[in-house]
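Keep in mind the model is a prediction, meaning the values are calculated, not measured. Quick note: numbers below take in every heavy atom, side chains included, and nothing from hydrogens, waters or symmetry partners.
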Amino acid sequence: MIFMSDVFENVMELAKRRGFVWPTSECYGAVAGFIDYGPLGAMMKRRIENIWRDFYVIREGYYEIECPTIAQEAVFVASGHVAGFADKMCQCPHCNEFLRADHVAEGGGIENASTMKNEELSAALATCKCLACEEVLGTVEVFGFNLMFKTSIGPGSQRVGYLRPETAQGMFVDFARLLRFYRDKLPFGAVQIGKSYRNEISPRQGMIRLREFTQAEAEIFVHPAEKNRHPFFGRYASYRMPLLTYVQQQNGQDAVTLSMREAVDQGVIANEYLAYYVALTHEMLTVIGIKPERLRFRQHLPDERAHYATDCWDAEIHSERFGWVETVGLADRTDYDLRAHAKESGTPMTVFIQYDEPRKVPRRRIIPNMSVLGKQYRNKAKAIFTELESAIPTKDGADVVVDGETIHIPPDLFEVRDEIVDIRGEDIVPHVIEPSYGIDRMCYAVLEQAYDEDVADGEKRVVMRFSPQVAPVQVAVFPLMTRDDLDTIAREITTSLQKKGLLAEYDDSGAIGRRYRRQDEIGTPFAITVDYDTKENNTVTLRDRDSMKQVRVAIKDLPEIIGALVDGTRVFLEIK
RNA sequence: GCAUCGAUGGUCUAGAGGUAUGACUUAGGCCUUCCAAGCCUAUAGCCCGGGUUCGAUUCCCGGUCGAUGCACCA
């Protein structure tokens, strides 16, 4: 590998030129925070998404759902995004600088600034100094800058909607339907791959911070008492990886390498479920082509965690340009979201868990004599009935409070029955384990890590060393010459590979070396060349992108061999 | 959002107050028996808006995008 002055610039230039990533609506001037995926980029992204599906949908059995990107206001009121997904800001009247109002206040020695209302904060700020120009602010208005895109649903702006800032809420609000779909049993999961939107104040860093981005999220609903019993934990129990705990971060120490079993037993990761998906994430990211040495798992610091999460780990990928980039978030969201939506919507979001054996529980029932009670208390009878159910009667009767008034109900107006009832189970609110992947950041990391320059025949060769599983074009087919039927044979081979579902690209333009270089630059892992020997013995050369080595294989074996090479079940160097 | 710098074919680049240089790429052709060879031909460009000027891609102002610093990053 030769020295790379700036991989980011090289890779983004290539990405633009060869159709991976483009600035959006470029002819009108691009818009920061939005990108277009070009033909190769869209294909690569889809392949990454499909690897993600292999892991979560096929292997874990968590079906994918698809919710709208716009949801009504109530959804985000419940989730806390309307109130909380905003920064309190103010503008310095002297230097016009926009400031985080709570930061200014804390800088001025005011406590609990982050929990104050706008008006309180505004008053408190009057004596604080601007963080930029250090003038005393005086009268300033504090306003919330909500990071959600707001819109209206239907004509006349009657109904407020927001573009979703995460796909997760769709899975939460569909909880009751999902629970029925999974036949009322825990654990189960739902996943979603789709666009989310955040109106970032100042997006920079190309594909890393977008205003519209693709998330792949899984919401796994588990019994709170079963979080240490993942049914397939054995799969990753001995899977080892470096973990950077918050304690180590606070002490400036390096990550420790632990197996998932050790991590859970030592309390480093909160539970088996979280550890399982930490390990699964590590495996998946390596499959798409992330080098393990450029991958780490970092635990959120206690003050960094969202208020609902008990433990949270980020998979971070090291970028030449941006340093460690948070790419996947793995959180134990507890029952926060389901409780919030149950409360806001009035729909129960619980699972009925049957006990192994019904429990015999003594229960006291109070049965009022309504015919007397109704006549005697008339319009208060109904309220009295309700209150009696929870009353504690004595042999002299019971006292109930209705509208602030204590009413004595004599013992002959109700009957007390002590009985033993069977309790067959209980309603519990599941906890949610959430692995949340930033697909665009994964795409960028794949691009950056695939980019390489080497020297072939004294000339610089630019090559994208994609894993065959994510490479947009999977195989190229060339006739050595465009004559003597070599091109016809090459076209037939192309068709036979396409029938196998492979993206095979035929190219007969220019010298053979140029065609290899073209494919190297877009990361096509394999190239087939039809030459004059082909006409003698029905074999072709199969060339490996990374080693530039070639082997001869029979035409009839091509679909099977290429198929196996592309899905990773065979590797090139083992072929004959 | 503020400050500084930048923007010329697809890419990299030269350049001047009078419509633009070269290379690579791409396309067509010739040639060519495995790694960007050679020859011929062709396509293609001054970020957007306003101002100054007879004339602006060039100077000035504003915007957009990008880079850097500040701020921000559920």
Side-chain angles (χ1 to χ4, degrees), chain A residues 6 8-10 12-19 22-35 38 76 79-92 95-100 102-104 130-133 145-148 165-166 168 196 198-206 208-211 300 304-309 312 321-322 325-326 329 331 436 455-463 478-484 486 509-521 527-535 540-545 548-550 552:
Chain A
D6 194 328
F8 172 78
E9 276 169 29
N10 289 336
M12 290 318 287
E13 187 274 312
L14 185 148
K16 231 188 285 183
R17 186 161 44 81
R18 301 311 299 263
W22 293 324
T24 193
S25 56
E26 212 177 352
C27 64
Y28 290 106
V31 186
F34 297 92
I35 55 164
F76 300 115
S79 70
H81 286 95
V82 168
F85 195 57
D87 294 332
K88 285 186 169 40
M89 299 192 74
C90 64
Q91 188 174 19
C92 171
C95 67
N96 293 330
E97 183 78 82
F98 282 92
L99 305 158
R100 274 287 292 265
D102 47 340
H103 289 190
V104 177
C130 171
L131 296 174
C133 67
F145 180 75
N146 194 295
L147 264 30
M148 283 194 295
E166 58 176 12
S196 295
R198 296 174 192 183
N199 201 1
E200 299 286 353
I201 295 167
S202 172
R204 296 244 185 115
Q205 309 170 321
I208 301 292
R209 276 185 77 209
L210 295 168
R211 286 179 167 135
H300 277 202
E304 183 183 6
R305 278 203 296 263
H307 52 292
Y308 49 75
C312 186
R321 176 59 164 250
F322 305 112
V325 177
E326 163 192 343
S436 171
V455 175
D457 295 325
E459 270 192 278
K460 182 172 100 167
R461 178 174 83 122
V462 173
V463 49
F478 310 142
L480 188 58
M481 293 295 142
T482 323
R483 62 160 86 119
D484 302 323
L486 297 188
S509 154
I512 190 77
R514 177 184 297 276
R515 284 178 264 164
Y516 285 138
R517 291 294 185 277
R518 260 186 216 133
Q519 296 297 332
D520 288 342
E521 207 181 28
I528 290 162
T529 301
V530 175
D531 58 17
Y532 283 91
D533 290 350
T534 305
K535 296 184 69 160
V540 293
T541 63
L542 176 61
R543 177 224 191 225
D544 175 51
R545 175 197 67 206
M548 296 171 70
K549 291 205 171 98
Q550 290 178 304
R552 283 205 86 84

Of the candidates B/rU32, B/rC35, B/rC65, the side chain of A/V31 sits closest to B/rC65
Check every atom of B/rU32, B/rC72, B/rA36 against the side chain of A/R517 and return the nucleotide holding the closest atom.
B/rA36
How many Å lie between [atom1] on [X] and [atom2] on [N], as a whole number?
{"X": "A/E26", "N": "B/rG66", "atom1": "CD", "atom2": "C1'", "result": "12 Å"}
{"X": "A/N199", "N": "B/rG1", "atom1": "CG", "atom2": "P", "result": "10 Å"}
{"X": "A/E13", "N": "B/rG9", "atom1": "CD", "atom2": "P", "result": "12 Å"}
{"X": "A/I208", "N": "B/rC72", "atom1": "CD1", "atom2": "C1'", "result": "17 Å"}
{"X": "A/L486", "N": "B/rU33", "atom1": "CG", "atom2": "C1'", "result": "9 Å"}
{"X": "A/K460", "N": "B/rA23", "atom1": "NZ", "atom2": "P", "result": "19 Å"}
{"X": "A/W22", "N": "B/rC65", "atom1": "CH2", "atom2": "P", "result": "20 Å"}
{"X": "A/L542", "N": "B/rC34", "atom1": "CG", "atom2": "P", "result": "18 Å"}

Under 4.0 Å, heavy atoms only, any strand: does [X] hit a base, just the sugar-phosphate, or nothing?
{"X": "A/I512", "result": "sugar-phosphate"}
{"X": "A/D531", "result": "base"}
{"X": "A/E9", "result": "nothing"}
{"X": "A/A456", "result": "nothing"}

Option from A/I512, A/V540, A/T541 for which side chain to side chain contact (heavy atoms under 4.5 Å, CB included) with A/D531 holds:
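Passing option: A/T541.
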What residue among A/T529, A/V530, A/I528 forms side chain to side chain contact (heavy atoms under 4.5 Å, CB included) with A/F478?
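That would be A/T529; it is the only one of A/T529, A/V530, A/I528 passing the side chain to side chain contact (heavy atoms under 4.5 Å, CB included) with A/F478.
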Should stems be defined as at least three consecutive Watson-Crick or G-U pairs with both distances under 3.5 angstrom, which of them involve RNA chain B?
B:1-7 with B:64-70, B:10-12 with B:22-24, B:26-30 with B:38-42, B:47-51 with B:59-63
Nearest-nucleotide wise, let me know which of A/K16 and A/R515 is further upstream toward the 5' end of RNA chain B.
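So the residue in question is A/K16.
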How do A/R17 and A/F322 order along RNA chain B: which one's closest nucleotide is nearer the 5' end?
A/R17
Return no unless some side-chain N or O of [X] is found under 4.0 Å from OP1 or OP2 of [N].
{"X": "A/S509", "N": "B/rU26", "value": "no"}
{"X": "A/R483", "N": "B/rU32", "value": "yes"}
{"X": "A/R545", "N": "B/rC35", "value": "no"}
{"X": "A/R514", "N": "B/rA37", "value": "yes"}
{"X": "A/R321", "N": "B/rU68", "value": "yes"}

Would you tabulate the nitrogen or oxygen pairs shorter than 3.5 Å linking the protein to nucleotides 45-50 of chain B?
none

Rounded distance in Å between the [atom1] positions of [N] and [M]:
{"N": "B/rU53", "M": "B/rC40", "atom1": "C1'", "answer": "44 Å"}
{"N": "B/rU8", "M": "B/rA14", "atom1": "C1'", "answer": "10 Å"}
{"N": "B/rU58", "M": "B/rG17", "atom1": "P", "answer": "12 Å"}
{"N": "B/rG45", "M": "B/rU11", "atom1": "P", "answer": "12 Å"}
{"N": "B/rG6", "M": "B/rC48", "atom1": "C1'", "answer": "16 Å"}
{"N": "B/rU21", "M": "B/rG9", "atom1": "C1'", "answer": "12 Å"}
{"N": "B/rA37", "M": "B/rG28", "atom1": "P", "answer": "16 Å"}
{"N": "B/rC35", "M": "B/rC5", "atom1": "C1'", "answer": "42 Å"}

Using a strict 4.0 Å threshold on nitrogen-to-oxygen distance, state whether A/D520 and A/R461 make a salt bridge.
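Salt bridge: yes.
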Can A/E521 and A/R17 be counted as an ion pair, charged N to O under 4.0 angstrom?
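Between A/R17 and A/E521 there is a salt bridge, with a charged N closer than 4.0 Å to a carboxylate O.
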Using every non-hydrogen atom in the two residues, find where [X] and [Y] come nearest and quote the distance to one decimal.
{"X": "A/W22", "Y": "A/G38", "result": "CZ3-CA, 3.8 Å"}
{"X": "A/R518", "Y": "A/S509", "result": "NH1-O, 3.1 Å"}
{"X": "A/P165", "Y": "A/F76", "result": "CD-CE2, 3.4 Å"}
{"X": "A/S25", "Y": "A/V31", "result": "OG-CG2, 4.4 Å"}
{"X": "A/L210", "Y": "A/F34", "result": "CD2-N, 4.2 Å"}

Treating A/N199 as the side-chain partner and A/N146 as the backbone partner, does any N or O pair qualify as donor plus acceptor under 3.5 Å?
no
Can you confirm whether more than 12 heavy atoms, excluding those of A/K535, are under 6.0 Å from its NZ atom?
yes
Is the glycosidic torsion of B/rU32 within 90° of 0, making it syn, or is it anti?
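Here the answer is anti: the torsion falls beyond 90° from 0.
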To the closest 0.5 Å, what do you measure between CG (A/D533) and CG (A/L480)?
10.0 Å
